[in-house]
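Report on one structure; see the data block that follows.
These figures come from a predicted structure and were not determined experimentally. No hydrogens, no waters, no symmetry mates; every other heavy atom, side chains included, goes into these values. Every chain is numbered from 1, with letters handed out A, B, ... down the list of sequences.
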Amino acid sequence: MIYKELVVIGGGPAGLSAAIQAYEEGVQDILLIERDFELGGILKQCIHNGFGLHIFQEELTGPEYAERFIKELKKMNIEVILDTMVLEITNEKKIIAVNKELGILNIQTQAIILAMGCRERTRGALNIPGFRPAGIFTAGTAQRFVNIEGYMPGKDIVILGSGDIGLIMARRFTLEGAKVRCVVELMPYSNGLTRNVVQCLEDYDIPLYLRHTVIEIHGKDRLEGVTVAEVDDNNLPILATATYIPCDTLLLSVGLIPENELSKLAEVKLDDRTGGPIVNQRMETSTQGIFACGNVLHVHDLVDFVTQEARLAGKGAADYLSKGKVDNYADAIPVRVLKGVRYIVPQYFQGKEMLNGRQELFMRSVKPMDKAKLIIDSDKGVIKTKTLNYVKPSEMINVALQKEELCQANPNYLEISLQEVGDRS
Amino acid sequence: MTEEKFVTCIVCPKGCRIKVILDEGDILDILNYGCKRGVEYAREEVMAPKRILTTTVAVQGQNIQMLPVKTEDAIPKELLKVAMHETKDLSVEPPIKIGDVIWPNIAGTGVNIIATRTLDANV
Ligand SMILES: Cc1cc2nc3c(=O)[nH]c(=O)nc-3n(C[C@H](O)[C@H](O)[C@H](O)COP(=O)(O)OP(=O)(O)OC[C@H]3O[C@@H](n4cnc5c(N)ncnc54)[C@H](O)[C@@H]3O)c2cc1C
Ligand code: SF4
């Protein structure tokens, strides 16, 4: 049995920042476990730029962003084991992992930070009729093929879903000489950043069909084409608009899901809205001493916020280890989601235990709004309001709550809503 | 002959669809912008649009096949494909440090292609 004070699972930007922060807060005996042969997580395949504007005030590529943290981590006395996959964790904080050379590792630790990232929704989650020929990939898998393995999975491409990874891949494939026929999106708006719509689609005259979907897949061994149709107000295809588009590759860019198979084994409670653990102000899950940050907690569009949240989890774990076992949900108040808000993190709050003088709340809206009023309400009255411009579900909203604001009111719950300005309903 | 071009402004999240009216390549008018920053953006987008190019080049290594690279600065948009062509057959050997120049003066722009990650000798 190996004994450790703190184990971090996952060596992406979340795990890296969490480990660094915990170390800086005085935790000495840290082990970081990564299943890949090197650190960096998904950022290694995100070779485009646009990372780090908030944290570094400059535009970095994914690998550059990761390397800054890897370098910092290596200066510290933090133990890292690569090529090691965590198979099991328990609520007693026992970990079973497997390494190619060392075999099975049994680890007992006092605290765990979950930083396993997310996975992509696949065709199974979508229900498109037709055979399952070769040539259908998630956008992230295609990104790995092209950017890491140097292999083009196709030449004639249709992209379903306008998430950022799909948009980025539309440009990448075009520059590599493939033909990208179109991007098909069910919603009446794009799910990606405007900047990506402009620089990845408009720059190359790639059409974006909003309120459209793929209704049929053609081809038996290899994909030969797809049928695309417009949808009505109930998202049902309007058959009269069906059009056949020949292609040898279909990329799915239809969303990400936090990777929580391990969390469930440790009896960590999940939030249906985020797909990730329910956490309190220090990113601690419902299982004492187990923390979560990054895409395992909720899916982020900006890596900068991942880093910010991971620092809080690192600080939280250090706080837990130094204070001993404080009940993480005693006198915690729930943060509820009302109209206009899809989800919020953290879901619980102990105002007195806030680690910094202020705390960020991360949330997403249910629909795009030109102008919206964010209201943080409670049983003791409204605590804070803020007017936000150009809110979009694809762009995370973060709002800071000051410790005094919360402690003065001393509420029993918080309720968050987003009201469209000009909408009187 | 006048001509109309549309530019989506990305300076702020509003994303105005700005209309630029051109006459023989000269800007006659800029319309439908939400604020002054958009005017400047639209002018540059129509007259001399520039982009950072990010791509990969082959690596002769064991575990790692590709090295991610980028242009040190933005280059004219119309030269992106030329630049891709120029880097197509490049191949590098580790060790490489982040920021190392991999290919100088891409597409005659005076801008270098640099490595965006470090590769140790034994990758
Ligand atoms: C394909 C894809 C492309 C993306 N592109 C962008 C982008 O362009 N811009 C952007 O801002 N964001 C992008 N994102 C979001 C991006 O994931 C986050 O910004 C950020 O990288 C998340 O960091 P993370 O550390 O939470 O997760 P990750 O970077 O995914 O890191 C998780 C790490 O945990 C490891 N791991 C998982 N399970 C285990 C286990 N059981 N045992 C050991 N190790 C394990 C994984 O190997 C991985 O290294 C993308 C996400 C995906 C999936
Ligand atoms: S023109 Fe002004 S308001 Fe409109 S998107 Fe650009 S910066 Fe924003």
Q) Out of A/Asp370, A/Thr194, A/Asp203, which one racks up the most heavy-atom pairs below 4.5 Å with chain B? A) A/Asp203
Q) Is it the side chain or the backbone of B/Lys77 that comes within 4.5 Å of chain A heavy atoms, both, or neither? A) side chain
Q | Per-residue contact mode, A/Leu175 against chain B (heavy atom under 4.5 angstrom) | A | both
Q: Inspect the contact between A/Arg35 and A/Asp83 and indicate whether a charged nitrogen and a carboxylate oxygen are less than 4.0 angstrom apart.
A: no
Q: Report the option among A/Glu38, A/Glu395, A/Lys392 that has the most heavy-atom pairs separated by less than 4.5 Å from atoms of chain B.
A: A/Glu38
Q: Counting only heavy atoms closer than 4.5 Å, note whether A/Arg171 contacts chain B via side chain, backbone, both or neither.
A: neither
Q: Name the member of B/Val59, B/Asn63, B/Val69, B/Val57 that forms the most heavy-atom pairs with chain A at distances under 4.5 Å.
A: B/Asn63
Q.
Is it the case that the side chains of A/Arg172 and B/Thr55 hold a donor-acceptor pair, with the cut-off being a distance below 3.5 Å and no angle test?
A. yes
Q.
Given heavy-atom pairs under 4.5 angstrom as the criterion, report whether the side chain, backbone, both or neither of A/Glu176 touches chain B.
A. both
Q. Below 4.0 angstrom, N of the basic side chain to O of the carboxylate: do B/Asp73 and B/Lys50 qualify?
A. no
Q: Please look at A/Asn49 and chain B and tell me whether the side chain, the backbone, both or neither of the residue comes under 4.5 angstrom of a heavy atom of that chain.
A: both
Q: Give, as side chain, backbone, both or neither, the part of A/Tyr204 having an atom under 4.5 angstrom from any heavy atom of chain B.
A: side chain
Q: Report the option among B/Leu53, B/Leu67, B/Thr118 that has the most heavy-atom pairs separated by less than 4.5 Å from atoms of chain A.
A: B/Thr118
(Q) Counting C-beta onward and ignoring hydrogens, is there a side-chain heavy-atom pair between A/Leu32 and A/Ile81 closer than 4.5 Å? (A) no
Q: Taking the side chain as every heavy atom from C-beta outward, state whether A/Pro368 and A/Pro393 have any atom pair closer than 4.5 Å.
A: yes
Q.
Ring-plane angle category for A/Phe305 and A/His54, please: parallel below 30°, perpendicular beyond 60°, tilted otherwise.
A. tilted
Q. Among A/Gln199, A/Arg195, A/Lys71, which residue forms the greatest number of heavy-atom pairs with chain B at distances under 4.5 Å?
A. A/Gln199
(Q) For A/Phe145 and A/Phe137, I'd like to know if the aromatic rings sit close, meaning centre-to-centre distance below 6.0 Å. (A) yes
Q | SB check A/Glu64 B/Arg117 (cutoff 4.0 Å) | A | no
Q: Specify which of B/Met66, B/Lys81, B/Lys88, B/Gln65 makes the most heavy-atom pairs with chain A at under 4.5 Å.
A: B/Met66
